[in-house]
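Comments concern the structure below.
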Amino acid sequence: AQSVTQLGSHVSVSEGALVLLRCNYSSSVPPYLFWYVQYPNQGLQLLLKYTTGATLVKGINGFEAEFKKSETSFHLTKPSAHMSDAAEYFCAVSSKVGKLIFGQGTELSVKP
Amino acid sequence: DAGVIQSPRHEVTEMGQEVTLRCKPISGHDYLFWYRQTMMRGLELLIYFNNNVPIDDSGMPEDRFSAKMPNASFSTLKIQPSEPRDSAVYFCASSFSRHGQETQYFGPGTRLLVL
């Protein structure tokens with residue numbers, strides 16, 4: 001069975017500071033990993049995904065994530081937060097079967 | 001492309017009424033997913049279709065929920081009768097093929113409130 005744990009339901013950073021959102025997964029097969037972002041009253045939008053190959057994945061809006069198999073982690077980072085990054089972020093895992101399993105989400109607040 | 005289209009965007013109804021949510025997937029996509037989002041349970045996959053055929057409905061909460069996909073460009077999720085605990089945001093998503101790695105594209109959601 002697959003599962004995703006996002007550490008911290010709410011993260012607050014200052015504008016310009018490093019953003020780090022944590023995600024750990026459990027999967028009995030090689031996972032496909034995703035980060036989605038949800039802005040208020042909108043649907044989910046893909047930020048980035050890891051399928052195979054390079055473990056450091058770059059996404060939109062300056063975000064990136066690193067797949068660490070030994071740590072079963074896929075943390076999301078951004079060097080410098082912007083006010084427009086305030087949103088809810090979801091980590092998700094999928095297998096070849098294709099079902100997306102989402103974490104509970106992390107709400108990111110950015111202080112001026 | 002217009003993206004995934006859902007209607008209505010908001011629905012307020014009374015307990016016991018029938019509710020029908022609609023979804024138009026992205027043209028050319030052959031997988032369609034229905035999700036429900038609540039504060040308590042997060043994002044849950046309810047059902048998904050491949051080439052208009054339901055593949056996995058294990059997430060459908062109970063018999064009051066039903067979903068259909070009569071053609072490649074339209075799907076409905078119906079709740080009959082509705083109950084207050086069905087209040088949630090319902091998302092439709094679509095993707096092209098499904099080997100697990102394809103991006104799912106989400107619609108804006110339907111916010112349902114059952115009084």
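Every chain is numbered from 1, with letters handed out A, B, ... down the list of sequences.
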Does [X] share a hydrophobic cluster with [Y], counting links as ILVMFWY side-chain heavy atoms below 4.5 Å and allowing steps through other members?
X	Y	answer
B:Trp34	A:Ile101	no
B:Leu45	B:Ile47	no
B:Phe49	B:Leu77	yes
A:Phe74	A:Tyr89	yes
A:Tyr39	A:Ile60	yes

From [X] [atom1] over to [Y] [atom2], what is the distance, rounded to the nearest 0.5 angstrom?
X	Y	atom1	atom2	result
A:Phe34	B:Thr103	CZ	OG1	6.0 Å
A:Leu100	B:Leu43	CG	CG	9.5 Å
A:Leu44	B:Gln37	CG	CD	6.5 Å
B:Arg41	A:Gln104	CZ	CD	9.5 Å

Identify the residues of residues 105-115 of chain B whose heavy atoms come closer than 4.5 Å to a heavy atom of chain A, ordered by number, or report 'none'.
->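 Residues B:Phe106, B:Gly107, B:Pro108, B:Arg111 are the ones that qualify, each having a heavy atom under 4.5 Å from chain A.
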
Select all residues of residues 53-74 of chain B having any heavy atom within less than 4.5 Å of some heavy atom of chain A, and report them by number, or 'none'.
->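 Those residues of residues 53-74 of chain B which have a heavy atom under 4.5 Å from chain A are B:Asp56, B:Ser58.
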
Give, as side chain, backbone, both or neither, the part of A:Tyr50 having an atom under 4.5 angstrom from any heavy atom of chain B.
->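 No part of it gets close to chain B.
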
Among pairs that include at least one residue of residues 69-78 of chain A, which meet side chain to side chain donor-acceptor pair (under 3.5 Å), considering only residues two or more places apart or in two chains?
->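 Listed once each, the pairs are A:Lys78-A:Asp85.
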
Is the CE atom of B:Met39 crowded by more than 12 outside heavy atoms at less than 6.0 Å?
->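 12 or below, so no.
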
What pairs meet the disulfide (SG to SG under 2.5 Å) rule with one or both residues in residues 27-91 of chain A, with sequence neighbours excluded?
->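 For residues 27-91 of chain A: A:Cys23-A:Cys91.
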
B:Phe91 versus A:Gln38: any side-chain heavy-atom pair under 4.5 Å?
->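 Yes; the side chains approach each other to less than 4.5 Å.
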
